[in-house]
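Step one of this worksheet: look at the structure below.
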Amino acid sequence: MARGEIDVAALTAGVAAGDRRALARAITLVESGRADHRAQALDLLGRLRGAVPGRQALRLGLSGTPGVGKSTFIEAFGLMLTGQGKRVAVLAVDPSSARSGGSILGDKTRMERLSRDPQAFIRPSPSQAQMGGVARRTREAVALCEAAGFDLVLIETVGVGQSETVVSELCDLFLLLLAPAGGDELQGVKRGIMEMADLILVNKADGDLKPAALRTMADYAGALRLLRRRPQDPEGFPKALCVSARETSGLTAAWEEMQALALWRQENGHWTARRAAQARHWFEEEVRQGLLSALTRDPARTRMEELGQAVTQGALTPEAAAVDLLRSLT
Ligand code: GDP
């Protein structure tokens with residue numbers, strides 16, 4: 001085998017054995033934009049499905065604005081779970097990195113203790129990609145972590161609307177992390193995000209901030225009660241709780257709520273139904289992305305240019321030209 005070439009069979013074995021270096025290399029492969037890498041990535045994912053069928057992790061989405069305590073929470077929560085013998089992977093969907101070119105999420109130095117834990121795997125966020133691309137790669141990274149035998153995959157995002165929607169299509173449970181509010185306002189959390197949340201965790205419920213955290217929790221508990229109860233939820237969900245990532249308090253209670261909800265959904269068929277709906281969503285998304293990228297390549301690109309000129313000159317109506325182009329794609 002040539003130098004630098006990827007041995008997909010060896011990578012499959014490494015990931016299936018839970019080797020973190022193999023997992024890191026596998027994620028790099030799925031993140032690559034090169035056509036040959038894409039083919040190998042699909043080969044790898046296919047082989048893993050055969051090698052470790054049915055391996056499933058609990059996929060947890062976690063959203064919160066910068067400064068709310070996400071990395072502190074993930075570190076404390078992750079260490080609590082690895083302490084219980086669980087293997088925890090942390091991934092990030094970070095749309096802002098696409099703009100800044102830098103990575104603000106999943107940065108290893110932020111979760112130093114967790115990143116040194118042999119039971120944990122932390123992946124810095126992919127950068128320089130469009131939202132659709134980031135989502136696809138994160139979804140594949142989740143599948144790789146699952147194949148590597150992680151019990152829990154945490155998918156982190158900053159709260160900017162679009163990324164939450166993506167994360168909710170990737171996870172089994174969605175957590176929203178908030179900080180105690182100064183006044184009695186609901187911190188401008190959009191209704192759509194509230195509706196996605198399974199648990200709202202009000203962080204920093206410690207010291208001087210504790211009374212404000214309790215008030216904020218009560219406000220959100222009230223707001224959640226006003227939302228329509230979702231069929232995938234048992235009585236009492238979605239819930240609002242207080243935690244302190246710094247003092248590691250409330251984490252066990254939060255974990256118990258997550259497990260209770262996950263179990264209820266499993267027993268009532270909602271778990272499988274959600275994953276099936278997500279698989280369908282991603283299939284349709286792949287098709288959309290595939291069509292969009294086909295438009296940027298020949299022969300469609302040239303045809304688009306020709307038809308565009310014909311439309312500009314009035315030789316064709318926009319509708320007729322569009323029909324012509326779409327037909328050429330099939
Ligand atoms: P992120 O930007 O959401 O990842 O937030 P960080 O985890 O970096 O935390 C932002 C700031 O909030 C840091 O100064 C943390 O020390 C602080 N912080 C995080 N969790 C807590 C907590 O539970 N209590 C208190 N008092 N401060 C916290």
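For ligands, and for the atoms within them, numbers begin at 1 and follow the listed sequence.
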Are Glu305 and Arg301 within salt-bridge range, i.e. N to O under 4.0 Å? no
Residues in ring pair (Phe, Tyr, Trp, His ring centres under 6.0 Å) contact with Phe77, at least two apart in sequence or another chain: Phe73, Trp255
Out of curiosity, does Leu295 fall in the hydrophobic cluster containing Leu307 (side-chain heavy atoms, cut-off under 4.5 Å, transitive links)? yes
Taking only Lys NZ, Arg NE, NH1 and NH2, and the carboxylate oxygens of Asp or Glu, determine whether Glu140 and Arg137 approach each other closer than 4.0 Å. no
Could you check whether any side-chain heavy atom of Leu199 comes within less than 4.5 Å of a side-chain heavy atom of Phe237, counting everything from C-beta outward? yes
Heavy-atom distances under 4.0 Å decide this one: backbone, side chain, both or neither, for Val68 against ligand 1? both
Is Pro66 near ligand 1, meaning one of its heavy atoms is under 4.0 Å from it? yes
Any nitrogen or oxygen of Ala245, main chain or side chain, under 3.5 Å from a nitrogen or oxygen of ligand 1? yes
Check: Glu247 N/O within less than 3.5 Å of ligand 1 N/O: no
Whether Arg265 and Asp233 form a salt bridge (side-chain N of Lys/Arg under 4.0 Å from carboxylate O of Asp/Glu) is what I want to check. yes
If you measure every N/O of Gly69 against every N/O of ligand 1, is any gap under 3.5 Å? yes
Report the member of Lys210, Arg246, Glu75 with the shortest heavy-atom distance to atom 14 (O) of ligand 1. Arg246
Suppose I only count heavy atoms of Thr72 and a 4.0 Å limit; which atoms of ligand 1 are within that range? 6 (P), 7 (O), 9 (O), 15 (C), 19 (C), 20 (N)
Could you tell me if any non-hydrogen atom of Gly67 lies under 4.0 Å from any atom of ligand 1? yes
What atoms of ligand 1 come closer than 4.0 angstrom to any heavy atom of Thr65? 3 (O)
Has ligand 1 got any nitrogen or oxygen that is less than 3.5 angstrom from a nitrogen or oxygen of Phe73? no
Do Arg139 and Glu169 have side-chain heavy atoms sitting under 4.5 Å apart? no
So is there a nitrogen or oxygen of Asp206 less than 3.5 Å from a nitrogen or oxygen in ligand 1? yes
Let me check something: any side-chain donor-acceptor pairs from residues 41-48 under 3.5 Å, sequence neighbours excluded? List them with distances.
{"from": "Asp43", "atom 1": "OD1", "to": "Arg47", "atom 2": "NE", "distance (Å)": "3.1"}
{"from": "Asp43", "atom 1": "OD2", "to": "Arg47", "atom 2": "NE", "distance (Å)": "3.4"}

